[in-house]
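A short worksheet on the structure shown next.
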Amino acid sequence: MNKKFKPYIEGLAVGCVFISITMLFQIPLYMSFIIGALAALGGYRNSIKMDKEKAEKNQPSKQDQE
């Protein structure tokens with residue numbers, strides 16, 4: 001999977017899961033879409049944050065190089 005599309009795909013997956021969960025509780029459709037959109041946005045931002053933290057962790061620190 002291309003790293004460029006990974007946050008979008010993860011955000012979309014989280015949004016779909018939240019929409020399906022809210023539909024189980026018989027919440028109105030428009031509210032399910034709003035909750036799903038907010039969850040997708042959160043999943044997208046979390047994916048970017050996790051990738052950034054992983055990249056920082058993999059970089060050798062300056063103390064290790066000395």
Taking all atoms of both residues into account, what is the closest heavy-atom pair of Ser47 and Pro7, and its distance?
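The pair with the smallest heavy-atom distance is OG-CA, 3.5 Å.
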Side chains of Glu10 and Val14: closer than 4.5 Å at any heavy-atom pair?
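No. Closest side-chain heavy atoms not under 4.5 Å.
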More than 12 foreign heavy atoms under 6.0 Å from CD of Gln26: is that the case here?
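Atom CD in Gln26 is not crowded, with 12 or fewer foreign heavy atoms closer than 6.0 Å.
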Does Val17 offer a backbone N or O that forms a donor-acceptor pair with the side chain of Ser20 under 3.5 Å?
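Yes.
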Using 0.5 Å steps for rounding, measure from the [atom1] atom of [X] to the [atom2] atom of [Y].
X	Y	atom1	atom2	answer
Leu38	Phe33	CG	CZ	13.5 Å
Asp51	Asn46	CG	CG	9.5 Å
Leu29	Ile19	CG	CD1	8.5 Å
Phe18	Ile34	CZ	CD1	15.0 Å

Starting from Leu12, can I reach Leu41 by hopping between I/L/V/M/F/W/Y residues whose side chains sit under 4.5 Å apart?
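No.
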